[in-house]
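Contents: one structure, followed by commentary.
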Number of protein chains: 2
Amino acid sequence: METESDQVDKYGIPIIPAAVNVSQQKRESIIDAAVTEFLREGYTAASVDAIATRAGVSKPTIYKHFGSKERLFLAVIGGILPATYADLEPCNSTIADAPDLRAALVSLTGDWARLLLREDIMTLRRLVIGEIDRFPQLGNLWYQVTYDMNNRPLVEAFTILHERGALNVPDAALAVQQLVAITVGVLQLVRTFQPSAAISDAELGRTIASGVDTFLARYAM
Amino acid sequence: METESDQVDKYGIPIIPAAVNVSQQKRESIIDAAVTEFLREGYTAASVDAIATRAGVSKPTIYKHFGSKERLFLAVIGGILPATYADLEPCNSTIADAPDLRAALVSLTGDWARLLLREDIMTLRRLVIGEIDRFPQLGNLWYQVTYDMNNRPLVEAFTILHERGALNVPDAALAVQQLVAITVGVLQLVRTFQPSAAISDAELGRTIASGVDTFLARYAM
DNA sequence: GTCTATATCAGGATAGAC
DNA sequence: GTCTATCCTGATATAGAC
């Protein structure tokens, strides 16, 4: 099974030592091919053969680089999770100092929703959820990444607004959970089970705005 | 592949003709064994061999009854979904006539949460989500079942309360989505990615109550 | 109707040449 | 470091005896 060293990072994702120059290209093409195959087929149904063919390398090359199918899967999925969610972070900075809080929250959660409802991200999300019993590390990583990149900055902003008297949120962490659930979560639930159900931009805007209004009905001063 | 007739119901779930007396017992034991194996391993990794062994029958018996692994999976999962969610329905009837609406909503969403967070139901949910790209019928079925058994009765109750002037919900369907998301959804999100993270009954009650309060802050008259 | 036994094929992983 | 060729196991599905 695992003949390579089992070095893992703090999330339990294996650390694959970086290779040099020439083989680095092959490594990248393996990763690209693996992402495609895993997203399309799932972990078990995806075959290392197909990944090798798609990447234009042979199977032993994959095993030299990643050691096993499990390690390849963890390295690949663990690699794209933070990269995917990094796109969410820039939106956060302006909340605490926004002149119009409602408009800022609508804009922020709307941006999140449009990104998180993208088909490739929904597919990745379904894959991770489906493999969580096999790879609990991915669940922890997902939770940590989404919390660090989304919830945490909002919690800090709400805490500031609470001290400033602009919001009344004694429990900022719970309030953020509620805001995310009532805006993005409502839409995500539909798309999770019905991938082909298109959501018009008008409906998205309407749902997001109504969610923010419900949130502010409780927490605005 | 599919040598049997492809009769399906309105959800796209194959209709497996009922067998008689003797073999009916074998069929049931196959279904039980299949549920266990599919929930434990997922669709692809579960083997018909293992199901046959667990059920105490031979492989050809399974193929005589269900035709293929895909049809077995759809029949089994499509069968337990409605049965699982049927437990949610009885809670609904009292909302429209409850003397204390807040208490009734807290009780209702609390009951839903305690049921839906059960480990076996969460596992089933993860399985369905992970296999949705392969079996879109299950997504439609899931959505339909949860809507019929949960959302629809609540929408009807809210409509009555709106006409009676006890609530102000111009868009009852959206309001129900928000209520579910802000109570059950908040907890489900955590448990989806962290199966082992236990949620104390106190924390569950606190989260549910706060969700209902946020909901009522917007919609109560 | 149900079994034993088997056909057929693809999976992950590796030995050894270059 | 990378490939060709291969090992071994386990998969779905079926033929034919009882």
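Both backbone and side-chain heavy atoms feed into the values below; hydrogens, waters and symmetry mates do not. Note that this is a predicted model, so its numbers are computed, not measured. In what follows, chains are A, B, ... by sequence order, proteins preceding strands, each numbered from 1.
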Starting from [atom2] on [N], measure out to [atom1] on [X] and report it in whole angstrom.
| X | N | atom1 | atom2 | value |
| --- | --- | --- | --- | --- |
| A/R71 | C/dA13 | CZ | P | 12 Å |
| B/Y63 | C/dC3 | OH | P | 15 Å |
| A/K64 | C/dG12 | NZ | C1' | 15 Å |
| B/I62 | D/dT14 | CD1 | P | 14 Å |
| A/F73 | C/dG11 | CZ | C1' | 17 Å |
| A/K59 | C/dT14 | NZ | C1' | 10 Å |
| A/K69 | C/dT14 | NZ | P | 15 Å |

Would you call B/D133 and A/R40 a salt bridge, using N to O less than 4.0 angstrom? no
Does this structure show an ion pair linking B/R206 with A/D171, if we count only N-O contacts that are shorter than 4.0 Å? yes
Distance test, side-chain N/O of B/H65 to OP1/OP2 of C/dG1, below 4.0 Å: no
Does C/dC3 have OP1 or OP2 sitting under 4.0 Å from an N or O in the side chain of B/K26? yes
Sub-4.0 Å heavy-atom contacts from residues 32-53 of chain B onto DNA chain D, ordered by number: B/A46, B/S47, B/V48, B/D49
Please determine, for the side chain of [X], which listed nucleotide ([options]) has the closest atom?
| X | options | value |
| --- | --- | --- |
| A/S58 | C/dG12, D/dT2, D/dT12 | D/dT2 |
| B/V57 | C/dA13, D/dT2, C/dC3 | C/dC3 |
| A/T61 | D/dC3, D/dA13, C/dT14 | D/dC3 |
| B/P60 | C/dT4, D/dT2, C/dT2 | C/dT4 |

In sequence, state the C-alpha distance, the side-chain angles, and the governing distance for A/S210 and A/T207, and then conclude on side-chain hydrogen bond (donor to acceptor under 3.5 Å, both in side chains). CA-CA 5 Å; A/S210 177; A/T207 306; over 6 Å; no
Identify whether NZ of Lys or CZ of Arg in [X] sits under 6.0 Å from the centre of the six-membered ring of [Y] and within 45° of that ring's axis.
| X | Y | value |
| --- | --- | --- |
| A/K69 | A/Y63 | no |
| A/R125 | B/F193 | no |
| A/R27 | A/F66 | yes |

Kindly assign one of parallel, tilted or perpendicular to the pair A/Y85 and A/W142, based on the angle between their ring planes and the thresholds 30° and 60°. perpendicular
